[in-house]
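Indexing begins at 1, ligand by ligand and atom by atom, following the structure's order.
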Amino acid sequence: MTIKTDGWVKTTCAYCGVGCGIEAKTNIDGSLTVRGDADHPSNYGKLCAKGLTLGETVTHEGRMLSPSVAGKECQWEHALLETARQLNEIISLHGPDAVAFYVSGQLLTEDYYVVNKLAKGFIGTSSIDTNSRLCMSSSVAGHKRAFGEDCVPGCYEDLEVADLVVLTGSNLAWCHPVLFQRLKAAKQQRGTKVVVIDPRATSSCEIADLHLALSPGSDVALFNGLLSFLHREKHTDRNFIAHHTDDMELALEYAEPFKAIDEVTMVTGISSQDLMTFYQWFADNDRTVTVYSQGVNQSTSGTDKVNSIINCHLATGRVGKPGATPFSVTGQPNAMGGREVGGLANMLAAHMDFGKPEHHKLVSDFWQTDNLSQKPGLKAIEMFDAIERGDIKAVWIMATNPAVSLPDSEKINRALAKCPCVIVSDCIEDNDTLRHATIRLPAQGWGEKSGTVTNSERRISRQRKLMPSPGSAMPDWWIVCEVAKKMGFTDSFNYRNEAEIFTEHARLTALGNEKERQFRELNLNGLKYIGQKEYDSLSPIQWPVASFDCQNAIGAESNTSARLFTDSIFPTPNGKARFVSVAYSLPASQSSDLFPLIMNTGRLRDQWHTMTRTGLSSRLAEHVEEPTLFIHPKDADAYQVSQHQLVSVSSIKGSGLFRAKITAGLCKGHVFAPIHWSKTTSSSASVCTLISPECDLNSGQPEFKITPVRISAVAVTHIAVVTSVTPIEPELLNTDEVTYWSRKRLKQGYLYQIASQADISSLHNALSAVILTNEQQPIIFEGNGNIRQVNFYQGACVSTLEIEDDSCNTIGSWQGEILGLTTENMTIYRFMRGEVGTQQSEVVCACKQVTKSAIIEAIENNSDCDRQTLSACTGAGTGCGSCLSELDVILSEQTNQQRIPIKEIGIA
Ligand SMILES: Nc1nc2c(c(=O)[nH]1)N[C@H]1C(S)=C(S)[C@@H](COP(=O)(O)OP(=O)(O)OC[C@H]3O[C@@H](n4cnc5c(=O)[nH]c(N)nc54)[C@H](O)[C@@H]3O)O[C@H]1N2
Ligand SMILES: Nc1nc2c(c(=O)[nH]1)N[C@H]1C(S)=C(S)[C@@H](COP(=O)(O)OP(=O)(O)OC[C@H]3O[C@@H](n4cnc5c(=O)[nH]c(N)nc54)[C@H](O)[C@@H]3O)O[C@H]1N2
Ligand code: SF4
Ligand SMILES: [Mo]
């Protein structure tokens, strides 16, 4: 049932591609309580910290409430008419290719379907691309080369029944936490061997039997070496190769340069002993799953990396069998759904392709259009180049923040600034991209909209409406269809609800797919005639869905769809999978005298992308509070950077300022920067500002993991902390007196960390000017080289300011607690005089809000303290479990014991 009698509604998490089922309940005060859905086959009731805190992020604060055109708020009717008019005008003057759409794996399938239909089917431009270009496109290209279609063959259960799980280029512990917990539980039960292949010792190494810290970008050498080894040592499945694959010989020839283990060692930097251990384990375990993600995809050789992995699975016949599969895990909640509808510029729709006349005919007949675009469109990077050149004159951006997330942000911002028509559909009122919008359209967000998403294992789940949306926000599909109708495509976008769109999509997937031997694996045949009622109550279901009995088994799942290719027949013209010949090539960018270090970028445990949603939770803000650059101790020594100091990072494209975190969890010569901060949340910690738009030539996916940089310590004279109940306009903080700032969410407002090279009174004046309005009354305390100030409005504290000299490191501990207190509250004055102060300590367990100092105290108070005792005393690790590896690190630090085989685990 979807709605239980006690008010809990079943829906799906807003964040990662694991696609966890959630039960949510709206409370009388409008707040939302969430818990894991015990019936959902992705998570069986478990959630990670991000899922658990969804209730905190559904606030109406900061939402875009009404549409606006050219900076003026207006009614929907005007905004829709104006959007349609501007698009039509540009098309009639410059042709359909002057219009582009840049969309997102965070749209629902129904939204995605209609925007693809509008662009490719009716406007006749293929220039619709998606942030999946930055995320999954190398996997898509690799799947198509090997299998003939973009298919993930495996399912989550494979990780639980495998004997060996290889995690390569994936920090599963932080990025797919619930799947990681499933793997960990399986390992505890059946002793699964786990190998992590990553230049960094990430939290995923917590369960690793072997960590291979390979040189960035050297994956093809590693897996070509493995292919050569499997062949040489006769560990291949000759029957499978002979009957179900083509082109192995050539792939082996390409792998030849790595037949000697020393060659692999030279390129990857991994010792021959570790390499042999990995190769032998791979050879010995029929049940092997290789999970891969952005360390593989986001690379100038991303597609080749994917195929080098798949080649090893084909050589051993490990596809389509329980516990034996290559497994590309998707990032966004609907990355997979977007690929199904054809949201990438080089796909047509429903896994049908450009360049196949029979597919063009099927799609144009189905959509009843004579304007179907005939060729692949521009991929994301090319699209923004065309915007900058002025070839594209209108771009409609939905559910993504390209001004932050595309490489070479300065260029992206330049392009958007000069584009005459920038339409942005978003839920929030401010992000770096919205600052360029000429038309702003308020979209409903998670919990307000309704539709479907598909997770990493091809499982379609419903997202359901839980609450009303603020202002006049509308669903993305509605906005697109209304504009389409006003552009003149009335009959083709006349949907009454999302169920009608879904079933149309299902019919398109089944089109021409009725033959006995399906020629596209993506087939939702069984769902093509479901009605509103069945759609409303649809239970999670994996595709393909050959048939579906609405009468007797709503949501019943055919277990034949758990794995693809179980019959070893592939969707290629001859039914065989293809080995792809891949040669190792050096990454496009190399370090040099000028830029001697390599910057890697990726994710933190508790933040999501550009923080527009996770940034609303004060609990999630505690794990890593500031934009942080992780540096190896030897590099820190060489460049004279000390712990927590400000550090400037520069590349050929730009520069940024971060807090230094010195850790042995990465290799010497490498630094790591998180992707989450933007110009809305920091002075200059948008990492994409530093990144060159080098792409994989097959997939168009940019290289985000290798950027040559140099670093230097930045000396400052003062640090300051400002808190405020309302956010401060970023431009106001970008003054001469403020060298660095970053923003963090508090329960009652926002906290700004500031560093300055100015003298104390100039800094004080500058910051007072930002936070103090005429109506506010300040109380100022000046002590030994420091200033503390509390500002009151109508008797309550609305902002605070503290400035200290740079040697002080306890700053920031008290301000959050006094926002909202009234003038009579004596605590304020005691804080101001420095008489009381809470010692600030990083929160290790976000779910139970347990700080590092509380954990250390518990260890000190319990002799022979182990992890169980620690969890029992503090509660740490008893929520989602994502912090367990960090607990281990603290335990071993405190007890000076090496409890785990890896030197240092986790980077934060
Ligand atoms: N907490 C959190 N979870 C998320 C997200 C988030 O923003 N926050 N985003 C979601 C999305 S959209 C995505 S795409 C996924 C991404 O999930 P992941 O791919 O797991 O995340 P990343 O941190 O981008 O990168 C993974 C690892 O690749 C390693 N790596 C770098 N270079 C190489 C290399 O040359 N070879 C190999 N083998 N490894 C390398 C990095 O050190 C890093 O640890 O996460 C999803 N889940
Ligand atoms: N350096 C570097 N850059 C990267 C990466 C990396 O590893 N390193 N990873 C890349 C990857 S894998 C990804 S997926 C991207 C992610 O990058 P983005 O997609 O740019 O990041 P988000 O912050 O998720 O942006 C989503 C936007 O959509 C809005 N939104 C949320 N829900 C809805 C909705 O229902 N409707 C509408 N209309 N809007 C909505 C949010 O408010 C937010 O502004 O970043 C990429 N960029
Ligand atoms: S693992 Fe966490 S973020 Fe991903 S879907 Fe599950 S609860 Fe959401
Ligand atoms: Mo992604």
Residue pair [X] / [Y], side-chain donor-acceptor N/O under 3.5 Å:
X      : Y      : value
Ser203 : Ser885 : yes
Asn431 : Thr612 : no
Arg462 : Ser450 : yes
Ser42  : Asn455 : yes
Trp396 : Ser425 : yes
Glu694 : Thr300 : no
Asn413 : His436 : yes
Thr680 : Asp430 : no
Trp477 : Glu110 : no
Ser301 : Ser299 : yes

Mind checking whether [X] has an N or O less than 3.5 Å away from an N or O of ligand 1?
X      : result
Gln607 : yes
Lys705 : yes
Cys16  : no
Pro199 : no
Gly602 : no
Gln332 : no
Arg200 : yes

Ligand 2 contact on [X] by region, counting heavy-atom pairs under 4.0 Å:
X      : value
Asn431 : side chain
Ile691 : side chain
Gln298 : side chain
Asp476 : side chain
Thr612 : side chain

For the pair [X] (side chain) and [Y] (backbone), establish whether a donor and an acceptor sit closer than 3.5 Å, ignoring hydrogens and angles.
X      : Y      : value
Ser472 : Leu65  : yes
Arg745 : Gly615 : no
Ser617 : Leu620 : yes
Ser132 : Gly105 : no
His676 : Leu604 : yes

If you measure every N/O of Ser104 against every N/O of ligand 2, is any gap under 3.5 Å?
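No, Ser104 has no N/O under 3.5 Å of an N/O on ligand 2.
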Any nitrogen or oxygen of Asn401, main chain or side chain, under 3.5 Å from a nitrogen or oxygen of ligand 2?
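Yes; the residue has a nitrogen or oxygen that sits under 3.5 Å from a nitrogen or oxygen of the ligand.
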Going through the checks in order, is the side chain to side chain contact (heavy atoms under 4.5 Å, CB included) test met by Met599 and Ser651?
CA-CA 9 Å; Met599 181 179 75; Ser651 75; over 6 Å; no
I need the atoms of ligand 2 closer than 4.0 Å to a non-hydrogen atom of [X], numbered in the order shown.
X      : value
Ser425 : 37 (C), 38 (N), 39 (N)
Ile675 : 1 (N), 2 (C), 6 (C), 7 (O), 8 (N)
Cys688 : 1 (N), 2 (C), 3 (N)
Lys449 : 34 (C), 35 (O), 36 (N)
Val687 : 1 (N)
Asn131 : 19 (O)
Ile428 : 42 (O)
Ala443 : 36 (N), 37 (C), 38 (N)

Structural part of [X] in contact with ligand 1, heavy atom criterion under 4.0 angstrom:
X      : result
His609 : both
Cys175 : both
Leu214 : side chain
Tyr292 : neither
Arg605 : backbone

Which distance, rounded to the nearest 0.5 Å, do you find between the OG1 of Thr454 and the OH of Tyr112?
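Result: 11.0 Å between the selected atoms.
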Between OG on residue Ser589 and CD1 on residue Ile706, distance to nearest 0.5 Å:
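One gets 7.5 Å once the value is rounded to the nearest 0.5 Å.
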Identity and distance of the protein heavy atom lying nearest [atom]:
atom                    : answer
atom 42 (O) of ligand 1 : Asp198 OD1, 2.7 Å
atom 23 (O) of ligand 2 : Thr610 OG1, 2.5 Å
atom 15 (C) of ligand 2 : Ser405 CB, 4.1 Å
atom 38 (N) of ligand 1 : Asp219 OD2, 2.8 Å
atom 44 (O) of ligand 2 : Asp426 OD2, 2.7 Å
atom 11 (C) of ligand 2 : Arg603 NH2, 3.3 Å
atom 39 (N) of ligand 2 : Ala399 CA, 3.2 Å
atom 8 (N) of ligand 2  : Thr601 OG1, 2.9 Å
atom 2 (C) of ligand 2  : Phe704 CD2, 3.2 Å
atom 24 (O) of ligand 2 : Gln106 NE2, 2.7 Å

Met136 near ligand 1, heavy-atom distance under 4.0 Å?
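In this structure, Met136 fails to qualify as a contact of ligand 1 - no heavy atom is under 4.0 Å.
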So do Asp219 and Leu214 actually touch side chain to side chain, heavy atoms under 4.5 Å?
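In contact.
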Just to check, does Cys427 reach to within less than 4.0 Å of ligand 2 when the distance is taken from its heavy atoms?
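Under 4.0 Å: yes for Cys427.
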Regarding Arg200 and the six-membered ring of Phe672, is the cationic atom NZ or CZ under 6.0 Å from the ring centre and inside 45° of its axis?
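Yes, cation above the ring, under 6.0 Å and within 45°.
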Is the Tyr102 to Phe384 ring centre distance short of 6.0 Å?
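Tyr102 vs Phe384: aromatic centres under 6.0 Å.
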Compute the ring centroids of Phe282 and His313, then answer whether they are less than 6.0 Å apart.
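Aromatic pair counts; centres sit under 6.0 Å.
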May I ask which of Trp174, Trp608, Tyr15 has a heavy atom nearer to atom 10 (C) of ligand 1 than the others do?
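Looking at heavy atoms only, the winner is Trp608.
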